[in-house]
Structure formats: C-alpha cells, structure tokens
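Below is one structure; the comments refer to it alone.
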Amino acid sequence: MTTMSISATHTDSHTAVTSNGQSFIATPAAISLGRGLDLKNPVLLASGTVSYGEELRSLCDLSRLGGIVTKAISLEVREGNLPQRMVETPSGMLNAIGLANVGVENFIAEKMPSLRTLGTNVIVNIVGKGVEDYAEVVTRLEDVEGIAGYEINLSCPNVKGECIIFGVDAKATSEVTRTLRRITPRHLMIKLTPNVTSIAEIALAAEDAGADSVSLINTLVGMAVDYRSQRPVLKNITGGLSGPAVKPVALAKVWEVFQAVKIPVVGMGGITNFEDAMEFFVVGAKAVQVGTQNFVYPNISEKIAVEVEGYFSRENSVKFSSFIGSLKI
Amino acid sequence: MTMQPLYDLPLTVVENIRLTSVTNVLVLDAPVIAPVIRSGQFVNVKVNGFHQPLLRRPLSVHRVVGSQIEIMIRIVGIGTQILYDAPVGTALQTLAPLGNTFGYNRDDFDTALLVSGGIGVAPMAMLEETLLKRGKKVVNFIGARSAPDVITRGLTNIHAATDDGSLGFKGNIVRLLAEELPQFNGERLRVFSCGPNRMLESLAQFCNERGLPCEVSIESIMGCGIGICYGCPVRVRGEDGLAHNQLLCQYGSVIDAKEIMFEV
C-alpha cells in the first residue's frame, strides 16, 4: 500500500456496498464492527428509544446514521407494563416499559418493509424468556433480508423473572451467545447491563462465546418514590435510569470493558451531543448509540453524526481509528 | 398516528399573560404551526436548553390567533414553573402538531357541552371557537377548587362549580352537569371534556350510563410525544372487550368515553 492510498482512505469519501447490500459511504468516520457490520459513521440509534424508525424518519434523516437498533423483539406480542411507566429524574429519567413490542412475526410483516428503506444498517434487538426463545427469534429472522446484525438484550431490568438472569451471569451470557453463534453468520452484538459486580467478566464471557461486539450500558436500576402516598411512582416499582445523569457511569464501564476485550465496544449512556460521543470514543467505544436524547431532540443523532464526520474530515485531525481508546493516563 | 407533517421549531414568546399566581398564558409566534394545528391537538415544549428538566412538556393549545398560538400553563413542577416565568423573547423549541383532534367535525350533534376541570379549560377556548364556526351551540361547565381557580378565558355561556362553593354550584362538575342536563332535553348533545383523571372517570361513567356521547382529552406523563418512548400508555377497551395498552400521544389525546378505562 502506498502512502497516497493511505491518505486517500483517510480523507476521501467513496461508495462501496456492504455485505448486507446497503450502499456504504466511507466517510472519514466510517468504521467496521466486524462480520459485515460496516458503519458509514459510528452513530447508531439505541434500542427502545426509536421504536422501529417510522416516527422519527420525518424529523431526522436516518440515512445519515451508522445504523438503527430496533425496539427489542420477542417471540410473542408483548403489551408491556401498566402505567405509570416513566418518570423524569434529575437530568435523566426512569422507565419500566416492560419490552412492549409487536412480536417477531408482526415485526417481519409490518416493520421490516419500512426499516429496509431507511438507508442505514438495521440491527434487530432481541429479547427472550429463555435460551430457546432467543434461538427461535434469531432463526426466524435469519432468512429475512435487510438485517445487518442482532443486538442481544440480556439485561433488561424491567421484566421480572425474565432476561435479567442472563445478563448478570457470565455462564448464562455465554450459553445464549454460544447458541446464537451457531445459528447466525450475522453480526452478534451482546448488550451488557451495568447492574453487575464485574461487567468486564460478562463481556469476556460474551467474547469467548463468539460475540462480534458488546454494547453498553443498558440502564441502571433505579427507583422513584412519592413520600406523600408512600408509593413507588412506577407501577413496576423499579425502572431503568437513563439520560445525562448516567454518562459518567457509562464512560467508566466502557473504559473498563475496552481494556478487557478485543472485540469492538459500542458505548452508550447519556449521550446528548457531539462532545459526549467523542468522550466515548476516547475511552474505547468504536461506535456509540444515542438513546434518551432522541425523546428530547428527535434529530439529535443526525446532528451528532454530521459533527463527528466533520471533525474527522478536518485536515489536521487525527484518524478516527487512532482516536478510539486514545485515553491518556 | 397523525399523517400531518411534524415540525420542531423554536417559537418565540411574544407575550406572557399572568392569569393567576399559578396560571398563565404564553403567546408564541408560530407562523408555521398556527395554520395547521387543530382543536384538541397538543405541542411538546422544551422549557430551556439544559438537561434539567430533561424532557419536553406536552401542552394543549389554548387558542390560535392569526400566526400565533397560545398555550395555558398551570404550575405543577419545575417545567411549568419555568414556563410561567418565561420572559418575552424566549425561544421555546416546540414539536407540533401532535395527537388527534376533538370530534368537532361530526354532524351527529348540535349542542356541545364543554366540561372542564382545573387546567383542563386550556383547550376549550379553541374548541369553542371551532364549534361556533360550525354553527354549533356551546355550553361550558367549569369545575375548580375555589373561585380564584375558575378560569374562563375565551369561553362563554358558563356554568361553574367549585369544591368550596365560593363560585357557582358547590360540589363537583359532574353533579352540576347532572342537575342541569334536563334543560337540554330533545337536543342532540355531545360532551367534550378535559381535566384530572378522577373527574374524567366520573364524567365518562355518567355519560356512558345515559348513552350521552362523550370524548375526553387525557393528560399523561409523556416522554417524547411522537410514539418512540412508549412512556404514555393508557388502558383502552379493544374490539375484543378487553383492556389494551395504547400510547396516548398517538391514540389520543382525545379518546371516546366508551373506550377509555381509567382503573389500572
């Protein structure tokens, strides 16, 4: 490789086609997460904050993003928890939605056609009650076109007696990952909960079992209480904390996991703007997901993506790949 | 889900009218939204540019006057306090138009009974104007705790009820409606309502028992206003007769009294 071609890859954009058929603009912030999940830039929409993309697309150009992670899909239709499901907290919010979703069959029939037209990578978030559920949903999706990969939700804290047992246990994480690895050649991203003693240990278990990447953090378990009525604010009693309030925790966890694993780390937790995203890259995130802030500014992910691309396009700027994990200690 | 185009625009406060020590009206310059927003729809407003409070505040439209929209606010927390204090010139990032409309275009009624409680009067001024333009007769029933809380801005033909009896009928607004209903005998009625859930529940029950058509505009905690956060479910009776979750921001915020189920 000549010096010229190296500099060309760094500064010029060119079109290519990814393994999942999406046209792929190699912007200066383009990055591959492996196994065909090639992102035009490292900004993704986080699961559970964008439904299936239909509502956002009129307010935000989703084709400018690296990808969208759908609402968690389960085998069966889920109505979710009873109200009250969410409450605002200082610089954040708690939610206990309860994985409301249309179920895998309706997802394929009603949601995938629109998702395919977004012009970005579609990563389907998957949740199940047991290993068999996860396996069945992925198997059902395997011959569905337009899916770039799966994010496996092992860590939703808001459904009692269900997925939480996987995400907090290295052995269970390993079992689910290994099972799905045997089923799919597609990208497998394992989403990690911060509600554990050692998140690095869980991340390592996922890596050893064949995960292509890990994403973190899912929400932190929290609670809101009304002292007048002496009742919990949320019907579910506890919920998941997200928003700017959790960013320092997320940065610490991403840094911890980045040091422990070799596979790509996808960071999230309280990202509200370009600066927040850049902080996650510094501590080792190869890509980021924007979540709660979509509720506040529906076009925020597009803005962040444009600014990240702009930053790494500047003549004197560092190469994006060398910026990842560049924390100086 | 509304098929109208959505806008997310900074709207400038051109006037802040203090009605009481806890209630005000913000007049917003909204040349794009004013012509397209309909009675019963709402807007979602970011009260400042900071992370605290984080989420927007869903607010019904009080009136449309030319290229301006008016929103009525009652202080209930930090977000509404900031809106109560908003200086003229403030730009408020506003997502609109959101949600469905009141059924003002129906031709199966001639007399509209507008029943509101507390800050539930907010959307009634626009509704009254819309109905009068369509040649409907409009009668207002307004309930509040006490005389100073009775807000009648933009409303006519008013029957008031207060909990302490300091103005109008002493007691709740549904009891007042029950007392006055006979005078509308023979008229084709429709009830339009907005207020606290407890009032709406009692009103819906009253209307359903009498076969009186009624629609309620419901208030809820909301995250996004556009159906992506799933934080605002209400219980609605489905075609199977069972209760199902529907997102208020998409399914409502106006719901038929026969469908809505308040008990959770």
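Chain naming here is simple, since letters A, B, ... match the order of the sequence lines and numbering starts at 1 in each.
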With a 4.5 angstrom heavy-atom cut-off, which part of B:Ile78 approaches chain A: side chain, backbone, both or neither? neither

Measure the shortest side-chain to side-chain distance between A:Val296 and B:Gln93 over non-hydrogen atoms and say whether it is less than 4.5 angstrom. no

Report the distance from atom CD1 of A:Ile97 to atom SG of B:Cys229, rounding to the nearest 0.5 Å. 6.0 Å

What part of A:Tyr297 is in contact with chain B, defined as an atom under 4.5 angstrom from a non-hydrogen atom: side chain, backbone, both or neither? both

Measuring heavy-atom distances to chain B, does A:Val50 have an atom under 4.5 Å in its side chain, in its backbone, in both, or in neither? backbone

Looking only at atom types and distance, does a side-chain atom of A:Glu88 sit under 3.5 Å from a main-chain N or O of B:Leu55, one as donor and one as acceptor? yes

B:Leu247 portion near chain A, given a 4.5 angstrom heavy-atom threshold: side chain

Do side-chain atoms of A:Arg85 reach the backbone of B:Tyr230 as a donor and acceptor pair under 3.5 angstrom? yes

With a 4.5 angstrom heavy-atom cut-off, which part of A:Thr272 approaches chain B: side chain, backbone, both or neither? side chain

Euclidean distance, B:Leu54 CG relative to A:Ser242 OG, rounded to 0.5 Å: 8.0 Å

Contact origin within A:Thr89 toward chain B - heavy atom pairs under 4.5 Å: backbone

Answer yes or no: is there a side-chain heavy-atom contact under 4.5 Å between A:Leu56 and B:Ile226? yes

Can you say whether B:Ile221 sits under 4.5 Å from chain A via the side chain, the backbone, both, or neither, judging by heavy atoms? side chain

